[in-house]
Amino acid sequence: MTRTTWCLVGLGALVLLIAWNFRDYATLWRGRWQPLPLQPALSSEARDGDWTMWRGNTQRTGVQAQPGPVPTGQVEWQFVSGAGFVSSPIAAGDSLYIGDTQGRLYRLQRSTGKVLWQLQGLGPLDASPALAGDLLYIGLRDGQLLAIQTADGVIRWRVATGNPIYASPLVHQGVLYIGSGDGLVYALDAVSGMERWRAHTEGWIHSSPALLDELVYVGSNDGALYFIDRRSGVPRWRYRTSQAIRATPAIAEGLILFGGEDGWFRAIEAHTLGVRWTYAWRWVRINLFIWGFTGPPPYLPGFRWQYRTRAPIVASAAVAHDLVYVASQSGTLTALELGTGTRRWFFAARQAISASPVVAGDVLYVASYDQTLTALDARDGTRRWQFTASGAIHATPVVSDGRVYVATLDGVVYAIQ
């Protein structure tokens with residue numbers, strides 16, 4: 001081959017490499033991004049002691065910023081649905097919103113448990129709702145996302161996705177972010193339901209999105225944690241693991257904290273984005289290590305620490321007091337130091353913990369399939385009180401206005417003061 005031919009081949013390879021690295025920006029050119037005006041005031045972020053979204057805030061840390069009086073473990077009232085509760089409630093004003101497995105969505109009065117309205121025939125409700133402004137957003141097992149008026153329960157709009165929705169929505173500056181079983185992350189206008197963009201993953205999505213600055217983070221059943229530009233939907237980076245990531249990530253001190261079904265809990269930096277060839281080179285290093293030619297491959301960019309629970313992790317972590325609270329399907333909850341991942345203390349339930357832990361003030365609340373809700377000292381793990389419900393607890397408890405609200409798989413909602 002002549003020198004000119006080699007130059008043309010090299011130039012062509014360079015063009016292909018550039019096109020590969022910028023292929024995601026075709027999302028913008030195809031017109032999927034709808035540059036609608038932002039609405040800074042419209043958010044599902046909790047205010048004034050309410051709990052208006054899954055895990056309480058956009059960083060999904062599971063912390064009540066204004067805890068109020070410390071509950072003592074006494075039942076104030078209970079509501080019986082007749083169908084089990086998998087999704088967690090949210091609380092705002094004097095209302096509690098929760099859906100059951102027979103497709104009924106309830107608005108209850110927080111002080112008494114009285115039904116203010118109910119919406120029926122929705123199909124099993126696995127996802128927790130989110131509240132922003134006067135609209136309640138919830139995903140259904142049939143793949144629909146609904147926006148419901150809180151005043152009367154009337155459906156304002158609905159959007160269909162390709163598969164069941166198990167994740168809880170997040171609303172920020174008038175944009176709603178949600179993942180679906182079709183492997184897509186959607187960004188919709190929260191008022192109208194108009195799609196702004198969609199981002200692809202390679203597996204079902206159970207994880208709810210978390211947000212920090214300009215990035216949306218969501219885990220997928222393909223074993224990757226995705227970093228997605230919140231304005232354009234362009235995937236900026238992804239962190240691969242060996243098994244599905246069903247738990248919702250939490251964000252604290254610039255770290256993304258998440259567990260997977262491989263039994264590992266990881267802390268990685270939120271803004272350290274490696275280049276695309278990093279994974280390919282690490283794959284080569286892994287194979288060289290297996291064949292004995294090199295030492296162990298380095299960790300991926302941004303890695304800080306990891307902790308092995310030896311059981312799948314489906315619950316999301318809570319973060320407070322410089323500790324990360326990690327629950328696993330083995331029934332153990334472990335308090336790890338945020339900066340290093342060193343174990344500080346642990347609590348053992350009698351059965352699996354699928355409900356995510358919640359922190360209010362210096363109290364940590366842990367619910368388990370052994371039918372118990374346990375209040376622990378968040379700093380040292382000392383047990384303060386324990387309540388035994390009528391059935392197993394899968395739904396994450398909510399702490400608001402000095403009460404703990406917890407729902408069971410046998411269809412009872414408790415208000416504990």
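Please read all numbers here as calculations on a predicted model, not as lab measurements. Throughout, numbering of the chain's residues begins at 1 and tracks the sequence. The figures here come from the full heavy-atom set of this structure, side chains too, leaving out hydrogens, waters and symmetry mates.
In plain terms, the two heavy atoms of Ser207 and Val218 that are nearest each other are O-CG2, 3.5 Å. Of all non-hydrogen atoms in Phe85 and Ala407, the two that sit nearest each other are CB-CB, 3.5 Å. Across Gln371 and Ala392, no two heavy atoms sit closer than the pair CG-N, 3.6 Å. The minimum heavy-atom distance linking Leu373 with Ile393 is given by the pair N-CD1, 4.3 Å. The two residues Pro209 and Val216 have their closest heavy-atom pair at CB-CG1, 3.7 Å. Pairing each heavy atom of Asp182 with each of Asn163, the nearest pair is N-CB, 3.4 Å.
To the nearest 0.5 Å, atoms OG (Ser208) and CZ (Arg55) are separated by 10.0 Å. In this structure, Asp401 CG and Asp48 CG are separated by 12.5 Å, a value rounded to the nearest 0.5 Å. Once rounded to the nearest 0.5 Å, the distance linking CZ of Phe387 with CD1 of Ile416 reads 4.5 Å. In this structure, CD in Gln149 is found 12.5 Å from CH2 in Trp157, a value given to the nearest 0.5 Å. Atom CD1 of Ile155 is separated from atom CG of Leu146 by 5.0 Å, given to the nearest 0.5 angstrom. In this structure, Gln64 CD and Asn57 CG are separated by 10.0 Å, a value rounded to the nearest 0.5 Å.
No donor-acceptor pair under 3.5 Å is formed between the side chain of Glu261 and the backbone N or O of Val314. In terms of modelled atom types and a separation under 3.5 Å, the side chain of Tyr177 and the main chain of His172 share no donor-acceptor contact. At least one donor-acceptor pair closer than 3.5 Å links the side chain of His321 to the backbone N or O of Gly361. The closest donor-acceptor contact from the side chain of Gln59 to the backbone of Leu211 lies under 3.5 Å. Within the 3.5 Å criterion, the main-chain N or O of Ala250 finds no donor-acceptor partner in the side chain of Thr61. Panel note: side chain Ser43, backbone Val171; a donor-acceptor pair is recorded below 3.5 Å. With hydrogens and angles ignored, the 3.5 Å screen pairs a side-chain donor or acceptor of Ser368 with a backbone N or O of Ala352. A donor-acceptor contact shorter than 3.5 Å is absent between the side chain of Ser128 and the backbone of Pro89. Using modelled atom types, one side-chain atom of Arg240 and one backbone atom of Asp222 make a donor-acceptor pair closer than 3.5 Å. In this structure, Tyr97 contributes its side chain and Ala92 its backbone to no donor-acceptor pair below 3.5 Å.
Between the side chains of Asp410 and Ser390, a donor-acceptor pair is found at a separation under 3.5 Å. In this model, a donor atom of one side chain and an acceptor atom of the other lie less than 3.5 Å apart for Thr332 and Ser328. In this model, no donor atom of one side chain and acceptor atom of the other lie less than 3.5 Å apart for Thr408 and Tyr414. Looking at Thr161 and Tyr186, their side chains never bring a donor and an acceptor atom within 3.5 Å of each other. Between Trp264 and Thr241, the side chains place no donor N or O within less than 3.5 Å of an acceptor N or O (distance only, hydrogens not considered). In the model, Glu45 has no side-chain atom that pairs as donor or acceptor with a side-chain atom of Thr52 under 3.5 Å. Between the side chains of Asp142 and Gln144, a donor-acceptor pair is found at a separation under 3.5 Å.
Between Arg238 and Glu202, at least one side-chain nitrogen of the basic residue sits less than 4.0 Å from a carboxylate oxygen of the acidic one, meeting the salt-bridge criterion. Checked for salt-bridge contact, Lys114 and Asp94 miss the test: no charged N lies under 4.0 Å from a carboxylate O. Salt-bridge annotation for Arg344 and Asp322: absent, with no side-chain N of the basic residue lying under 4.0 Å from a carboxylate O of the acidic one.
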Could you walk me through whether Arg104 and Leu125 satisfy the side chain to side chain contact (heavy atoms under 4.5 Å, CB included) test, starting with their C-alpha distance in whole Å, then the side-chain angles of each, then the deciding distance to 0.1 Å, before giving a yes or no? CA-CA 8 Å; Arg104 293 186 293 253; Leu125 295 171; over 6 Å; no
Mind running side-chain hydrogen bond (donor to acceptor under 3.5 Å, both in side chains) on Ser400 and Arg110 for me, showing each step along the way? CA-CA 10 Å; Ser400 183; Arg110 272 210 275 178; 2.6 Å; yes
Walk me through whether Val399 and Val363 qualify under side chain to side chain contact (heavy atoms under 4.5 Å, CB included). CA-CA 10 Å; Val399 184; Val363 182; over 6 Å; no
Any chance you could lay out the side chain to side chain contact (heavy atoms under 4.5 Å, CB included) test for Trp305 and Leu257, step after step, and finish with the verdict? CA-CA 10 Å; Trp305 55 261; Leu257 305 148; 4.0 Å; yes
Is there a side chain to side chain contact (heavy atoms under 4.5 Å, CB included) between Ile90 and Trp54? Walk through the geometry before answering. CA-CA 7 Å; Ile90 63 169; Trp54 163 251; over 6 Å; no
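In this structure, Val115 and Leu108 have side chains that are in contact, with non-hydrogen atoms separated by less than 4.5 Å. The side-chain heavy atoms of Leu255 and Val324, taken from C-beta on, include no pair separated by under 4.5 Å. Looking only at side-chain heavy atoms (C-beta outward), Ile98 and Tyr405 stay at 4.5 Å or farther from each other. Leu333 is listed as a side-chain neighbour of Leu364, based on a closest heavy-atom distance under 4.5 Å. Using a 4.5 Å cut-off on side-chain heavy atoms (C-beta onward), Met53 and Arg60 make contact. Between Pro71 and Arg403, the closest side-chain pair of non-hydrogen atoms is not below 4.5 Å. Side-chain contact between Tyr307 and Thr342 is absent, with no heavy atoms from C-beta onward closer than 4.5 Å. For the pair Trp51/Val358, a side-chain contact is recorded, criterion being any heavy-atom separation below 4.5 Å from C-beta on.
Aromatic ring pairs are classed by plane angle as parallel below 30°, tilted from 30° to 60° and perpendicular above 60°; the pair Tyr369 and His394 is perpendicular. Using cut-offs of 30° and 60° for the angle between ring planes, the Tyr325 and Trp345 rings count as tilted. Taking the six-membered ring where tryptophan is involved, the planes of Phe258 and Tyr239 are perpendicular, since the angle between them exceeds 60° and thus also 30°. The aromatic rings of Tyr217 and Phe227 lie perpendicular to each other, with more than 60° between the two planes, well past the 30° mark.
For Arg310, the CZ atom sits in a loose shell: 12 or fewer heavy atoms of surrounding residues, nucleotides or ligands are nearer than 6.0 Å. Within 6.0 Å of atom CZ in Phe303, more than 12 heavy atoms from other residues, nucleotides or ligands are found, so the atom counts as buried in its surroundings.
Here the rule is side chain to side chain contact (heavy atoms under 4.5 Å, CB included) with Ser95, and of Leu116, Thr150, Leu131, Asp50 only Leu116 fits it. Considering Val234, Asp229, Val185 as possible partners of Trp197, the one that fulfils the side chain to side chain contact (heavy atoms under 4.5 Å, CB included) test is Val185.
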